[in-house]
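Please read the structure below before turning to the comments.
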Protein chains: 2
Amino acid sequence: MRIGQAALLSGVSARLIRYYEGAGLLSPAGRDANEYRVFDERNVHELRFIKRARALGFPIKQIEELLGLWRDKKRPSRKVRGLAERHVQAVTTRMQAHRAIIKVLGRLIEACKGDDRPDCPILDGLSLSDAHKR
Amino acid sequence: MRIGQAALLSGVSARLIRYYEGAGLLSPAGRDANEYRVFDERNVHELRFIKRARALGFPIKQIEELLGLWRDKKRPSRKVRGLAERHVQAVTTRMQAHRAIIKVLGRLIEACKGDDRPDCPILDGLSLSDAHKR
DNA sequence: GCTGACCCTTCCAACAGTTGGAAGGTCAAC
DNA sequence: GTTGACCTTCCAACTGTTGGAAGGGTCAGC
């Protein structure tokens, strides 16, 4: 099948498939007489794998590793788990940063009247040095 | 003062100060005879403002608006609050996405032995269609 | 045989924010 | 006169995805 069909079956845009190929994620797709890429069921399976891994926030580099482990029938599950744990750790850190932002900003927003007058604890909080102290 | 001093006082790297200027955030710092940028206390204050806003995750575009409101002594605090609320909403969405990822991935990790054998629910979850269903 | 619709190809650019480097000018101290 | 600490500009990288341009292939209907 060609790229359009693979895109349809995998849910990954033809555009992105080319990008993933360039990034070295796909087991090299062949070319037909017209230089069109040729895909098989296995490629579609890989694309679905990539799509789900992306949905879980894995960066391309790690998906490359994951695909390697996926293809290696003798991988130790320890490696997969380690990789996943590393990623969860990174996401957790980002989530906590978000939580902290929401906390601080939420407090400022609560304190702000939000009317026609110019007094604004939010702007004050942004201009003063340590305005978020409890 | 020149850019190095402004960087020191504001905590924003000279590099980044130039970028912010190019992005239109700073009220254009003047130039001396040698084309060196000249900064004053006000600029340093603005840079600190920008730094804190960035630390709260505001994108450059919104910081531009915030600075406009900050400078406008007759702004309605309603506008500031609206802007902040919009941002908190965006951050909340991202945080929830992170939380969902952690939930799904955490469940897969728990199920994975993490030993020398190849069986791995994580890889299974990434290859099968709806493996995260409860 | 021609035209139109649609698929495929490649290369370049943009998004956001920050950092890295290169190559050059200026000024003071030694 | 040379070192070194500043300053300047421009170009490029990071990440992932999408947009466009410009070109060729394939197949239908006419």
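As the structure is a computational prediction, the values presented were derived from the model and not from experiment. Throughout, a chain's letter reflects where its sequence line sits, starting with A, and its residues are numbered from 1.
OP1 or OP2 of D:dT8 has not a single side-chain nitrogen or oxygen of B:Arg2 nearer than 4.0 Å. Taking side-chain N and O atoms only, A:Ser13 has a distance below 4.0 Å to OP1 or OP2 of D:dT18. Under 4.0 angstrom from either OP1 or OP2 of D:dC10 there lies no side-chain N or O belonging to B:Arg15. Contact between the side-chain N/O atoms of A:Arg37 and the OP1/OP2 oxygens of C:dC7 is not found at any separation under 4.0 Å. For D:dT8, the OP1/OP2 oxygens have a side-chain nitrogen or oxygen of B:Arg18 closer than 4.0 Å.
Taking atom NZ of residue B:Lys51 and atom C1' of nucleotide C:dG17, one finds them 15 Å apart after rounding to whole Å. Between the CG atom of B:Leu16 and the C1' atom of C:dG20 there is a distance of 13 Å, rounded to whole Å. For the pair B:Ile50 CD1 and C:dG17 C1', the interatomic distance rounds to 13 Å; values are reported in whole Å. Atom CD1 of B:Ile17 is separated from atom P of C:dT18 by 12 Å (rounded to the nearest Å). Put simply, CG on B:Asn34 is 13 Å from P on C:dG25, counting in whole angstrom units. Residue B:Asp32 contributes atom CG, which lies 11 Å from atom P of C:dT26 at whole-angstrom precision. The distance from atom CD of B:Glu35 to atom P of D:dT9 is 7 Å, rounded to the nearest whole Å. Rounded to whole angstrom, the span from the CZ atom of A:Phe58 across to the P atom of D:dG16 amounts to 13 Å.
When distances run from any side-chain atom of B:Arg31 to the nucleotides C:dG25, C:dT18, D:dT9, the shortest one goes to D:dT9. Residue A:Tyr19 has its side chain nearest to D:dT17 when only C:dG17, C:dC8, D:dT17 are considered. Picking from C:dA16, D:dT8, C:dC8 the nucleotide with the shortest atom distance to the side chain of B:Ile3 gives D:dT8.
Panel note: side chain A:Arg2, backbone A:Arg37; no donor-acceptor pair is recorded below 3.5 Å.
No path of Ile, Leu, Val, Met, Phe, Trp and Tyr side chains, each step under 4.5 Å between heavy atoms, connects B:Leu16 with B:Tyr36, placing them in separate hydrophobic clusters.
Partner of A:Leu126 under the side-chain contact (heavy atoms from CB on, under 4.5 Å) criterion, out of B:Arg52, B:Arg48, B:Lys51: B:Arg52 alone.
Residue-level contact check: B:Tyr20 touches the backbone only, with heavy atoms under 4.0 Å from sugar-phosphate atoms and none from bases.
Minimum interatomic distance between B:Pro118 and A:Lys73 (heavy atoms only, all atoms of both residues): CB-O, 3.4 Å.
Distance check, rounded to the nearest 0.5 Å: CD1 of A:Ile122 to CG of B:Leu83 gives 8.5 Å.
Along DNA chain C, the nucleotide nearest B:Tyr36 and the nucleotide nearest B:Pro59 are compared for position; the residue whose nucleotide lies closer to the 5' end is B:Pro59.
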